[in-house]
Amino acid sequence: PRRIGVLSPIRTARRPDSRDRLRSCSTIKQQHIPHIMAIHIKTPEEIAGLRIAGRLASELLDYLTPFVKPGITTGELDKLAYDYTVNVQKCIPACLGYQPEGMTPYPATTCISINHVVCHGIPGEKKLKHGDIVNIDVTSIKDGFHGDTSRMFVVGKPTIAGKRLCDLAFKTMWAGIEAVRPGGTFNDIGIACQAFADKNGISVVRDYGGHGIGRGFHEEPHVHHFPINHPTPKFVPGMVFTIEPMVNAGRYGVTMLGDGWTVVTRDRSLSAQWEHMVLVTETGYDILTCSAGTPEPPDFVKGWKKPEGL
């Protein structure tokens, strides 16, 4: 398969144990769901730490926003992200050197995915051009807690198709977020995302999903963005996880390239994605990845408003 871009040199940064062990925490066991071992229920102190990490990750995207313009390379954007994360925010870039079992270490601070790249695009020498749609996905570690978020950017003069897909991806994410409430189940997220996508003629990628997050980068549960036919855990206050549907203008099939990370649409159609960290509360949900540059939610959202002063 065609390799996109050029691998950036691997920088090093001190990071927690890459096995992402769950440390001292309360858990909820869902005995009736065999594929779920335990879901980490966060304490108020842990939620406060995750809120800080989430805000910092979102502020990193705020910082990068004015640099996303025609002519800049994805490698240059990644260097800006690394320098800001480490030297200004005093955080650890979680993606840099991240190595799931059986994979090569990820060589960059960010994942930058352009046009038909679905996710995990490796920054390199590729220059952005007018009309590109770009997802920048960042995860920062602050005081042991992970903040994980992504946004779409339209470069220069937009295309109608590109802007439409970015807008629909944003609304698909929020449709899933609005399904979160105590007493509901994780399948409600998938039902809501799929229904919105179907209504608007786009597809939801099935190979990747959201995840629990905390001191571990990827914790239980896996979050599907399409309906599944087996029981899923119930929402319980204190759960924290990401909602990050990837939607395609064409079919939902994807392919991984030879670098072992970059995932593209099989039919070469455009793809887009937004991501927030979501906390289940006693009455609904809260967004932990919020900063001054966080876009306001769509008009149909009733469960959350961007805090004043941001």
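Position 1 is the first residue of the sequence, and the numbers go up from there. Atom set for the values below is all heavy atoms of this structure, side chains included, hydrogens, waters and symmetry mates excluded.
- Inter-residue side-chain proximity for Thr172 and Ile202 is flagged as met; some heavy-atom pair is nearer than 4.5 Å.
- A parallel orientation is assigned to the rings of Tyr63 and Tyr84, their planes being inclined by less than 30° (bins at 30° and 60°).
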CA sep, side-chain torsions, deciding dist, call: Asn187, Thr185, side chain to side chain donor-acceptor pair (under 3.5 Å) = CA-CA 5 Å; Asn187 204 31; Thr185 73; 5.6 Å; no
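- Phe153 meets the ring pair (Phe, Tyr, Trp, His ring centres under 6.0 Å) test with no other residue; sequence neighbours excluded.
- Dense packing is recorded around CG of Asn87, with more than 12 heavy atoms of other residues, nucleotides or ligands lying under 6.0 Å away.
- The side-chain heavy atoms of His276 and Thr149, taken from C-beta on, include a pair separated by under 4.5 Å.
- His218 and Tyr98 form a side-chain donor-acceptor contact under 3.5 Å, judged by distance and modelled atom types alone.
- Side-chain contact check for Pro123 versus Thr110: some heavy-atom pair is nearer than 4.5 Å.
- The aromatic rings of Phe241 and Phe235 sit parallel, their planes meeting at an angle under 30°, below the 60° perpendicular limit.
- Using a 4.5 Å heavy-atom cutoff, the side chains of Val223 and Glu244 are not in contact.
- Between Ser271 and Ser113, the closest side-chain pair of non-hydrogen atoms is not below 4.5 Å.
- Inter-residue side-chain proximity for Asp137 and Asp148 is flagged as met; some heavy-atom pair is nearer than 4.5 Å.
- Two residues are said to be in side-chain contact when any heavy atoms from C-beta on lie closer than 4.5 Å; Arg51 and Asp286 meet this criterion.
- Under the 4.5 Å side-chain criterion, counting only non-hydrogen atoms from C-beta, Tyr106 is not in contact with Pro100.
- From Ile112, atom CD1 reaches atom CG of Leu64 across 7.5 Å, with rounding to the nearest 0.5 Å.
- Ring geometry for Trp174 versus Tyr285: interplanar angle of 30 to 60°, hence tilted.
- Across Ala175 and Ala192, no two heavy atoms sit closer than the pair O-CB, 3.4 Å.
- Rounding to the nearest 0.5 Å places OG1 of Thr242 at 4.5 Å from CD of Glu275.
- In this structure, Arg215 satisfies the cation-pi test against Phe145, with its NZ or CZ atom closer than 6.0 Å to the six-membered ring centre and inside 45 degrees of the ring normal.
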